[in-house]
Amino acid sequence: MNKDTIFSAPIEKLGDFTFDENVAEVFPDMIQRSVPGYSNIITAIGMLAERFVTPNSQVYDLGCSRGAATLSARRNIKQANVKIIGVDNSQPMAERARQHLNAYHSEIPVEILCDDIRNIRIENASMVILNFTLQFLPPEDRQAVLENIYRGLNPGGLLVLSEKFRFEDETTNNLLIDLHHTFKRANGYSELEVSQKRAALENVMRIDSLNTHKVRLKNVGFSHVELWFQCFNFGSMIALK
Ligand SMILES: C[S@@+](CC[C@H](N)C(=O)[O-])C[C@H]1O[C@@H](n2cnc3c(N)ncnc32)[C@H](O)[C@@H]1O
Ligand SMILES: O=C(O)C(=O)C[C@]1(C(=O)O)C=C[C@@H](O)C=C1
């Protein structure tokens with residue numbers, strides 16, 4: 001697996017973080033070493049797919065990157081006549097997702113669309129995955145994306161929403177951010193890598209509190225909303241229609 005060294009040397013003009021060719025190339029290593037609990041969440045997405053995906057329905061993986069969540073879902077779906085649609089607006093990510101998914105045999109068709117998730121109409125969905133994607137949309141666009149998902153989900157359908165969180169209590173917020181940085185250091189990132197990446201993400205990743213997520217999901221109409229996983233300032237929620 002290609003190692004993420006993107007922020008290892010000093011960068012004079014640090015621009016905003018983007019999912020470009022360089023990031024796509026090292027992405028599995030980057031996300032594994034940056035997001036505490038990432039592999040547990042990917043495994044659980046498979047378990048949830050096994051339980052929630054119904055025959056003759058569709059599964060959407062929005063912001064699918066290289067297709068890790070899509071693959072986990074596809075491996076665990078036992079129902080007939082299911083289609084998975086992965087969407088990512090980064091061409092280098094979408095290409096790698098197609099290659100990655102084609103490398104494994106499956107009866108379940110997967111279509112990878114290179115498009116903005118704000119343009120996709122969700123239809124006949126039994127499960128929708130937003131695994132660390134909503135946080136990259138402008139905050140004012142998040143409600144509309146969730147409304148579109150809610151409308152396209154079948155009754156009883158599941159949304160999995162994983163995000164980095166902000167906490168309203170300043171002391172615990174700072175502690176959890178600090179623990180996340182300790183986690184990254186333990187995974188081999190230097191102080192410079194941690195601080196340059198933090199600066200690059202500042203404008204593009206405007207994170208919400210857990211409460212903001214819960215209230216918004218309820219406002220959109222979801223009947224049952226719960227946090228099922230948290231490690232430091234990262235976590236994953238389930239919302240049922
Ligand atoms: C942190 S990654 C997601 C990781 C992936 N879901 C996984 O489980 O491995 C965020 C992804 O969302 C994509 N993305 C960000 N904004 C998007 C948008 N408006 N439409 C489509 N994809 C978007 C990025 O290109 C990136 O690949
Ligand atoms: O590395 C960080 O500090 C992060 O915030 C992690 C995070 C994410 O949450 O999506 C940010 C960008 C990369 O795509 C991978 C992980």
Side-chain angles (χ1 to χ4, degrees), residues 4 6-7 16-46 48-49 59-74 84-97 100-101 112-120 122 128-142 144-145 148-149 160-166 176-185 187-190 193-208 231-236:
D4 168 24
I6 289 176
F7 295 101
D16 283 344
F17 183 87
T18 56
F19 292 96
D20 59 13
E21 186 75 36
N22 295 333
V23 168
E25 193 54 37
V26 300
F27 190 71
D29 177 67
M30 171 185 275
I31 197 150
Q32 180 66 38
R33 290 200 288 140
S34 303
V35 175
Y38 175 74
S39 36
N40 300 61
I41 295 171
I42 292 294
T43 302
I45 285 171
L48 290 164
V59 175
Y60 291 82
D61 183 8
L62 305 177
C64 61
S65 296
R66 293 175 48 151
T70 302
L71 188 62
S72 178
R74 189 176 68 173
I84 310 181
I85 298 149
V87 184
D88 206 293
N89 65 352
S90 156
Q91 182 74 48
M93 288 290 196
E95 270 168 26
R96 284 169 180 78
H100 186 48
L101 289 153
I112 301 292
L113 306 173
C114 187
D115 204 343
D116 194 300
I117 63 168
R118 288 166 289 190
N119 299 334
I120 302 295
I122 308 292
V128 177
I129 303 158
L130 273 171
N131 205 34
F132 303 103
T133 303
L134 197 67
Q135 61 196 14
F136 290 103
L137 293 189
E140 61 274 18
D141 292 354
R142 295 176 189 172
V145 167
N148 178 29
I149 292 170
V160 182
L161 174 61
S162 310
E163 292 271 291
K164 186 178 191 176
F165 299 126
R166 177 172 61 73
L176 295 173
I177 290 171
D178 201 52
L179 284 164
H180 175 230
H181 291 163
T182 305
F183 168 87
K184 289 180 89 166
R185 294 299 310 275
N187 284 332
Y189 284 119
S190 68
E193 285 178 294
V194 172
S195 71
Q196 290 197 124
K197 182 156 182 213
R198 189 183 191 181
L201 281 170
E202 202 158 7
N203 296 323
V204 287
M205 205 172 119
R206 288 150 67 196
I207 52 181
D208 292 320
C231 185
F232 308 136
N233 49 344
F234 288 78
S236 187

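Sequence positions, counted from 1, serve as the residue numbers for this chain. From a predicted model like this one, the values you see are computed outputs, not experimental measurements. Indexing begins at 1, ligand by ligand and atom by atom, following the structure's order.
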Visitor: Can you see whether F7 has K197 sitting over its ring - NZ or CZ less than 6.0 Å from the centre and within 45° of the normal?
Guide: no
Visitor: Using a 3.5 Å cut-off on N/O to N/O, what pairs does ligand 1 make with the protein? A line per pair would be great.
Guide:
| unit_1 | atom_1 | unit_2 | atom_2 | d |
| --- | --- | --- | --- | --- |
| ligand 1 | 6 (N) | G63 | O | 2.8 |
| ligand 1 | 6 (N) | N131 | O | 2.9 |
| ligand 1 | 8 (O) | N131 | ND2 | 2.8 |
| ligand 1 | 9 (O) | Y38 | OH | 2.6 |
| ligand 1 | 19 (N) | D116 | OD1 | 3.2 |
| ligand 1 | 19 (N) | D116 | OD2 | 3.3 |
| ligand 1 | 20 (N) | I117 | N | 2.9 |
| ligand 1 | 22 (N) | N89 | N | 3.2 |
| ligand 1 | 22 (N) | N89 | OD1 | 3.2 |
| ligand 1 | 25 (O) | D88 | OD1 | 2.6 |
| ligand 1 | 27 (O) | S65 | OG | 2.8 |
| ligand 1 | 27 (O) | D88 | OD1 | 3.3 |
| ligand 1 | 27 (O) | D88 | OD2 | 2.6 |

Visitor: May I have the N/O to N/O pairs between ligand 2 and the protein that fall below 3.5 Å, each with atom names and distance to one decimal?
Guide:
| unit_1 | atom_1 | unit_2 | atom_2 | d |
| --- | --- | --- | --- | --- |
| ligand 2 | 1 (O) | K184 | NZ | 2.7 |
| ligand 2 | 1 (O) | K197 | NZ | 2.7 |
| ligand 2 | 3 (O) | K184 | NZ | 2.9 |
| ligand 2 | 5 (O) | K164 | NZ | 3.0 |
| ligand 2 | 9 (O) | Q135 | NE2 | 3.0 |
| ligand 2 | 10 (O) | Q135 | NE2 | 3.0 |

Visitor: Where do D88 and C64 come nearest, in terms of heavy atoms and distance?
Guide: OD2-N, 3.4 Å
Visitor: Which salt bridge (Lys or Arg N to Asp or Glu O under 4.0 Å) pairs, counting each pair once, include a residue from residues 26-44, with sequence neighbours left out?
Guide: D29-R33
Visitor: Measure up the F132 and Y38 rings against each other and bin them: parallel (under 30°), tilted (30 to 60°), perpendicular (over 60°).
Guide: tilted
Visitor: How long is the gap from CD on E193 to CZ on R198, to the nearest 0.5 Å?
Guide: 15.5 Å
Visitor: Starting from the C-alpha separation in whole Å, work towards a yes-or-no answer on side chain to side chain contact (heavy atoms under 4.5 Å, CB included) for V23 and M30.
Guide: CA-CA 8 Å; V23 168; M30 171 185 275; 4.0 Å; yes
Visitor: To the nearest 0.5 Å, how far apart are CG in L161 and CG in L62?
Guide: 10.5 Å
Visitor: So F183 and H180, would you call those rings parallel, tilted or perpendicular, with 30° and 60° as cut-offs?
Guide: parallel
Visitor: Holding to side-chain hydrogen bond (donor to acceptor under 3.5 Å, both in side chains), I want the full list of residues that pass it with S162, two or more places apart in sequence or in another chain.
Guide: N131, S236
